[in-house]
2 protein chains.
Amino acid sequence: MERTQDPRTVPASPAGRRGRPRSFDRETALEKAIMAFWEHGYEATSVSDLTRIMGIGAPSLYAAFGDKRALFDEVVAEYGRRYAAFGERALAEEPTARAAVARILREAAECYTAPDRPQGCLYAHAATNCTSPEVGERLREKRNEAIAAVESRIRADIAAGRLPADTDARALARHAGAVVQGMSQQARDGASRAELTALAEIALSIWPRT
Amino acid sequence: MERTQDPRTVPASPAGRRGRPRSFDRETALEKAIMAFWEHGYEATSVSDLTRIMGIGAPSLYAAFGDKRALFDEVVAEYGRRYAAFGERALAEEPTARAAVARILREAAECYTAPDRPQGCLYAHAATNCTSPEVGERLREKRNEAIAAVESRIRADIAAGRLPADTDARALARHAGAVVQGMSQQARDGASRAELTALAEIALSIWPRT
DNA sequence: GTCTTTCTGTAGCGATCACTAGACAAATGT
DNA sequence: ACATTTGTCTAGTGATCGCTACAGAAAGAC
């Protein structure tokens, strides 16, 4: 539990590592995998797709990442850190639930239509209709956790008197979540950034003005 | 072009049809296929899944429906007639765009959480992350057509003076579409009918009171 | 140098995919 | 009766799936 670090996640070459060093950069390979899963989803991205896109052989992929499922788990985690953190940041940094949701909707419109990236949200689309139930369940939890986080932020505002006491926090959170999820779908269906932004502004008008 | 009717779609047994009659009911087999594709999506439903669920052998399936792709096309068409027609009906029957959208959102909450049926909307989920691009494109068109239909209904109301002249019809239609699509996702993620109904009522509050 | 360790490339594993050839079964037409 | 037409069944097609055995290549340890 001291020197034993998982050899798969280690950068391979720096001092102490014996044997032939890895011939590819693990991080950039993971980034390619993120893009592939993001665009085509878990099932529709085959291991041979991955090896071609990542530029490595299958045995190298399995040595570095475990198996397809473990690679996807790592992709989901890294995607969360790199591309889906704007939600948590907004909830943490904005002074009110309304401001947080407003920022989430606006940033979602931008994030989901960023050029040179797959459109929409990986959490929403990469594991729908999944043969492996656990993979689908993993992203389902991510979606429900996101809605629950908004809900508890709303509850905090209600408790602080910033929102009416009879506010239906759960429904309000589900509404925000539904709009975000619908925006992701529409981004994949070809909606422009301007269209999603206009959509988001309309959705925001349900919130009582502060 | 007169007596030649596609033998695959004909009920098989009534007078005039020679040869061994079909040993299963084509309509109920199609209904089973609808449920299977609705629940698991196009790719995740294998032909052997279908033959097991429909209770027929693979050659019978291919003789009666063509191939997997043609069966799915027929499933989509029948699903549209049986389960997704509430949208068109609302747009045709309600006196205003607002009333139509209100009815669509409320009926979607019910339709997407009907017991003993797959949750959510087949159009929204059955062909995401699809290996075959045409299949995915087919349902994408359905989704975009639905939004366009709402948009033109809104434009009619604007032209008739029932909505302000500066109303952004496209954004308003996309908003309604996003809410419906998000409701479908959340139904699949476990939301109850009551939760979706509450969500829908909130979304409706963006519309100016008539 | 040689030994050990680790990674890479080839080549192929068994399982499943969508799909079908061919033999038999069951109806109608004459 | 018999021929014709059509459906069903068994059994299997080639292709692809995720994954890996094995041999050779490239590094540190001695």
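Residue numbers start from 1 in every chain, and the chains themselves are labelled A, B, ... in the order their sequence lines are given, proteins ahead of strands.
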When all nucleic acid strands are considered with a 4.0 Å heavy-atom cut-off, which category describes B:Ser132: base, sugar-phosphate, or nothing? nothing

Roughly, in whole Å, what's the span from CZ in B:Phe24 to P in D:dT6? 15 Å

According to the interplanar angle, ranging from 0 to 90°, do the rings of A:Trp38 and A:Tyr83 count as parallel (below 30°), tilted (30 to 60°) or perpendicular (above 60°)? tilted

Measure from NZ on A:Lys68 to P on D:dC17 and round the result to the nearest Å. 9 Å

Counting only side-chain N and O atoms of B:Ser46, is one of them less than 4.0 Å from OP1 or OP2 of C:dC17? yes

Euclidean distance, atom CD1 of residue B:Ile56 to atom P of C:dC19 [Å, nearest integer]: 14 Å

Assign each of A:Arg20 and A:Asp67 to its nearest nucleotide of DNA chain D by heavy atoms, then name whichever residue's nucleotide is nearer the 5' end. A:Asp67

Using a distance-only test with no angle check, is there a side-chain donor-acceptor pair under 3.5 angstrom linking A:Arg174 and B:Gln186? yes

How many Å lie between OH on B:Tyr42 and P on C:dC17, as a whole number? 13 Å

Rounded distance (Å) that lies between atom P of D:dA25 and atom CZ of A:Arg18: 20 Å

Separation of B:Tyr62 atom OH from D:dG7 atom C1', in whole Å? 17 Å

Would you please test A:Glu94 and A:Arg89 for salt bridge (charged side-chain N to carboxylate O under 4.0 Å, His left out) and show each step? CA-CA 8 Å; A:Glu94 294 298 323; A:Arg89 272 201 302 269; over 6 Å; no

Rounded distance in Å - CG (A:Leu50) to P (D:dC17): 11 Å

B:Pro59 has a side chain; which of C:dT8, D:dA26, D:dT8 sits nearest to it? D:dT8

Of B:Gly19 and B:Gly57, the one whose nearest nucleotide on DNA chain D sits closer to the 5' end is B:Gly19

Whichever of A:Ser23 and B:Ser48 has its nearest DNA chain C nucleotide further upstream toward 5': A:Ser23

B:Phe37 CZ to C:dA18 P: how many Å, rounded? 9 Å

For A:Phe24, does the six-membered ring have the charged nitrogen or CZ of A:Arg22 within the cation-pi criterion, i.e. under 6.0 angstrom from the centroid and within 45° of the normal? yes

Centre-to-centre under 6.0 Å for B:Phe37 and B:Tyr79, is that the case here? no

